[in-house]
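Read through the structure below, which is laid out as structure tokens, and then see the notes.
Predicted, not measured: the structure shown is a model, and the values here were computed from it.
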Amino acid sequence: MDAADAPSQDNGIQVNTLHALRIECKYLRYALEFTPALLGQEGENFVGQLKKLQNLLGHLNDASVAKEMLLAIPKETQNGVVKRYMKKQDKVIGKSERKAENALRAFLDAENRASLGAMLGRI
């Protein structure tokens, strides 16, 4: 099992699943950005939330990929620099997971979903 197939540190969701979520956020964002006049300020805020979530999930994916590459280095050839960088990536992964989880909770909030429904109804 490589790092992409492994559950993330805290929530048990696989990193590749979170990366797929990032891609879906990007598709939704691009679709909504085509209609700014119809979406108004609500739409601008919604797209901003999507961008934030996308960026956080991107940081998480980047750190996970870096860690996967480091894990591919044979243990006997790993030096202190590699080990320190691996620990750094673990910290980045943990921090990114917490931030992404909070951003996702805010994005999926009932009020935000109602706002999306209202925006789509105007289109």
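Hydrophobic clustering (side-chain heavy atoms under 4.5 Å, transitive across Ile, Leu, Val, Met, Phe, Trp, Tyr) keeps Phe34 apart from Phe46. Under a hydrophobic clustering in which Ile, Leu, Val, Met, Phe, Trp and Tyr are joined whenever their side-chain heavy atoms come within less than 4.5 Å, directly or via other members, Leu28 and Leu104 fall into the same cluster. The cluster map of Ile, Leu, Val, Met, Phe, Trp and Tyr, joined by side-chain heavy atoms under 4.5 Å apart, puts Leu32 and Phe107 in the same cluster. Residues Tyr30 and Val47 fall into different hydrophobic clusters, defined by Ile, Leu, Val, Met, Phe, Trp and Tyr side chains chained together at heavy-atom separations under 4.5 Å.
The distance from atom CZ of Arg113 to atom CG of Leu108, rounded to the nearest 0.5 Å, is 7.0 Å. Interatomic distance, Lys88 NZ to Asp90 CG, rounded to the nearest 0.5 Å: 11.5 Å. Remark: Asn79 CG to Ile73 CD1 distance equals 8.0 Å, nearest 0.5 Å. A distance of 13.0 Å separates NZ of Lys91 from CD1 of Ile93, quoted to the nearest 0.5 Å. The distance from atom CZ of Arg84 to atom CD of Gln89, rounded to the nearest 0.5 Å, is 13.5 Å. Atom NZ in Lys67 sits 8.0 Å away from atom OG in Ser64 (nearest 0.5 Å).
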Point to revise | Met86 and Lys83: CA distance, side-chain angles, deciding distance, side-chain contact (heavy atoms from CB on, under 4.5 Å) verdict | key: CA-CA 5 Å; Met86 196 175 308; Lys83 292 175 184 175; 5.6 Å; no

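Side-chain contact check for Glu42 versus Asn45: every heavy-atom pair is 4.5 Å or farther apart.
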Would you give me the side-chain donor-acceptor pairs under 3.5 Å for residues 49-60, sequence neighbours excluded?
| unit_1 | atom_1 | unit_2 | atom_2 | d |
| --- | --- | --- | --- | --- |
| Gln49 | OE1 | Asn112 | ND2 | 2.6 |
| Gln54 | OE1 | Arg29 | NH1 | 3.1 |
| Asn55 | ND2 | Lys51 | O | 3.3 |

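Counting side-chain heavy-atom gaps under 4.5 Å among Ile, Leu, Val, Met, Phe, Trp and Tyr, the cluster of Tyr27 also holds Ile23.
Listed for the Arg22 side chain is no donor-acceptor partner under 3.5 Å among the backbone atoms of Leu18.
Residue-environment remark: CD (Gln41) exceeds the threshold of 12 foreign heavy atoms within 6.0 Å.
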